[in-house]
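Take a look at the structure set out below.
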Amino acid sequence: MEAQCSLSRFCPNLSIPLVLSPKHPILLKFPSYSSRPSFVRTNHSTSNSVWFKENIACRKNCQVVASSSLEGDVSRIVIRKKKLAVFVSGGGSNFRSIHEASVEGSIHGEIGVVVTNKSGCGGAEYARSKNIPVILFPKTKDEPHGLSASDLVATLRSFEIDFILLAGYLKLIPLELIQAYSKSIINIHPSLLPSFGGKGYYGMKVHKAVIASGARFSGPTIHLVDEHFDTGKILAQRVVPVLANDAAEDLAARVLKEEHHLYVEVVAALCDDRIVWREDGVPLIQSKDNPDEFY
Ligand SMILES: Nc1nc2c(c(=O)[nH]1)N[C@@H](CN(C=O)c1ccc(C(=O)N[C@@H](CCC(=O)O)C(=O)O)cc1)CN2
Ligand SMILES: NCC(=O)N[C@@H]1O[C@H](COP(=O)([O-])[O-])[C@@H](O)[C@H]1O
């Protein structure tokens, strides 16, 4: 029996031992906050029912494969983890934070591939050290082995990538990729957008502009990616103070520390299907602890 179903919100991304048989009900364990009982009892006919498919929020993002045998052998539900592509151009500290959280289990997703325009950058080196495939994009005179946009889309599809995370990537993402991964590409920027964003605003340039402006606060922004630099809908922000004697490096370090926390929190929500869209198109995060709370 195979039911295409998304349990990613309700079941941890674990293999859950189940005793199945054509006569015995399927027991699916849900976490405590679920409005459903701690166990949903269903039988094979139910699990193929419309109710099961609709009420267990079956979506494309994971596959439930429950096999059973007449002897009632222990079978398993295998939840497919979300697949992530991370785009980098520099040291890759945000990428490392996300990878570590994925390995440790606080992010229910796995990094399938790293994309970079700088084959020798720190992020690419870290990926190689973890046996994560590295793809060069775009094709330029410096990187003649880089992929074209259409080849990159095909390659990401072949890796079954669900979400694209920009983490210090410095090239403009083309419309072809944005359209292929609609509402599924996010970026982290080191200022409180919409201030200090757009073409020319990257790395230390951002922090120098913040300090020169006299702004008393700064902080990271995570936003959806559209066809322009830094104009996509804002998903999350954190605030840090700008101190009177801050050099750009001091502010950069303070913001970067918050970036690492924020990006892990947001990617965890993304992989748990806890991003919801307000009527005006603004994305909100559903609280992990209280499903009735959004921020
Ligand atoms: N379509 C989009 N692509 C990218 C976005 C985006 O929001 N939409 N975000 C950037 C990341 N970014 C800010 O967060 C950013 C990166 C780079 C630049 C920039 O001015 N780059 C220079 C070239 C820098 C270089 O190659 O060394 C430029 O284009 O002249 C601005 C903002 C990632 N892509
Ligand atoms: N406008 C884009 C931009 O400036 N991105 C910034 O580049 C740094 C990458 O650091 P990392 O490579 O260590 O993650 C981060 O501070 C990120 O916000």
Side-chain angles (χ1 to χ4, degrees), residues 84-101 111 114-127 132 134 136-143 146 149 152-153 163-211 218-240 248-267 283:
L84 308 169
V86 184
F87 285 40
V88 297
S89 295
S93 67
N94 275 289
F95 159 44
R96 293 170 192 233
S97 300
I98 293 164
H99 180 251
E100 287 164 3
I111 298 172
V114 163
V115 178
T116 186
N117 62 311
K118 302 274 188 189
S119 55
C121 73
E125 293 302 331
Y126 177 80
I132 298 171
V134 177
L136 270 181
F137 174 78
K139 181 196 293 279
T140 64
K141 61 183 186 313
D142 297 340
E143 296 288 5
L152 177 62
V153 171
F163 298 111
I164 294 173
L165 316 177
L166 309 186
Y169 187 71
L170 297 182
K171 308 306 284 182
L172 188 69
I173 298 294
L175 190 57
E176 183 173 353
L177 185 58
I178 292 167
Q179 290 172 334
Y181 280 88
S182 175
K183 292 187 174 181
S184 300
I185 308 177
I186 59 176
N187 174 59
I188 193 160
H189 178 79
S191 77
L192 295 174
L193 292 176
S195 299
F196 309 104
K199 189 174 177 65
Y201 283 97
Y202 56 94
M204 293 308 284
K205 294 170 184 275
V206 174
H207 304 296
K208 286 175 180 171
V210 168
I211 290 170
S218 190
T221 298
I222 293 175
H223 62 93
L224 273 290
V225 169
D226 64 16
E227 62 272 28
H228 308 294
F229 280 133
D230 303 328
T231 56
K233 295 288 187 184
I234 290 173
L235 175 56
Q237 292 184 311
R238 284 203 179 180
V239 177
V240 299
E249 291 73 15
D250 302 318
L251 179 57
R254 194 174 304 125
V255 171
L256 189 62
K257 185 178 176 186
E258 287 307 313
E259 289 184 44
H260 296 160
H261 295 304
L262 186 62
Y263 222 162
V264 167
E265 178 185 331
V266 168
V267 174

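Here, residue 1 is the first one in the sequence, and each next residue gets the next number. First listed ligand is number 1; within each ligand, the first listed atom is number 1. Reckoned from all heavy atoms, side chains included, excluding hydrogens, waters and symmetry mates.
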task = Do me a favour and list the nearest non-hydrogen protein atom to atom 19 (C) of ligand 1 with residue, atom name and distance?
result = Tyr202 CD2, 3.4 Å

ask   = Atoms of ligand 1 less than 4.0 Å from Gly198 heavy atoms?
value = 31 (C), 32 (C)

message = Under a 4.0 angstrom heavy-atom cut-off, which atoms of ligand 1 come close to Gly200?
response = 19 (C), 20 (O)

ask   = Leu175 near ligand 1, heavy-atom distance under 4.0 Å?
value = no

task = Check each atom of ligand 1 against the heavy atoms of Glu227 and keep those under 4.0 Å away; list them by number with element.
result = 1 (N)

note = Here the atoms of ligand 1 under 4.0 Å from any heavy atom belonging to His189 are 13 (C), 14 (O)

ask   = Should you measure from each heavy atom of His223, which atoms of ligand 1 turn up under 4.0 Å away?
value = 7 (O)

query = Among side-chain atoms of Ser218 and His207, is any donor-acceptor pair under 3.5 angstrom?
reply = no

task = Could you grab the distance from atom CG of Asp226 to atom CG of Leu175, nearest 0.5 Å is fine?
result = 9.5 Å

ask   = In the protein, what heavy atom is nearest to atom 26 (O) of ligand 1, and what distance, to one decimal place, separates them?
value = Lys171 NZ, 3.4 Å

request  = Number the atoms of ligand 1 from 1 as they appear, then name those within less than 4.0 Å of a heavy atom of Asp226, with their elements.
outcome  = 1 (N), 2 (C), 8 (N)

remark   = Quick note on ligand 2: atoms under 4.0 Å from a heavy atom of Tyr201 include exactly 1 (N)

query = Can you find a side-chain donor-acceptor pair between His99 and Ser97 that sits under 3.5 Å?
reply = no

message = If the cut-off is 4.0 Å to any non-hydrogen atom of Val225, which atoms of ligand 1 fall inside it?
response = 1 (N), 2 (C), 6 (C), 8 (N)

query = When you look for heavy atoms under 4.0 Å from ligand 1, do you find them on the side chain of Asn187, its backbone, both, or neither?
reply = side chain

ask   = For ligand 2, is there an N or O atom under 3.5 Å from any N or O atom of Gly92?
value = yes

query = What protein heavy atom sits nearest atom 5 (C) of ligand 1, and how far off is it?
reply = Phe229 CD2, 3.7 Å

query = Any idea which atoms of ligand 2 are less than 4.0 Å away from a heavy-atom of Gly203?
reply = 3 (C), 4 (O)

task = Check each of Pro190, Gly168, Ser93, Gly123 against atom 13 (O) of ligand 2 and report the one with the nearest heavy atom.
result = Ser93

inquiry  = Which residue and atom name correspond to the protein heavy atom nearest atom 17 (C) of ligand 2, and how close is it?
reply    = Glu259 OE1, 3.3 Å

note = Ranked by distance from atom 33 (C) of ligand 1, the top protein heavy atom is Tyr169 O, 3.2 Å

Gly91: numbered ligand 2 atoms lying under 4.0 Å from its heavy atoms = 12 (O)

query = Quick one: nearest non-hydrogen protein atom to atom 27 (O) of ligand 1, plus distance?
reply = Leu170 CD1, 4.0 Å

note = The closest protein heavy-atom partner of atom 28 (C) of ligand 1 is Lys199 NZ, 3.3 Å

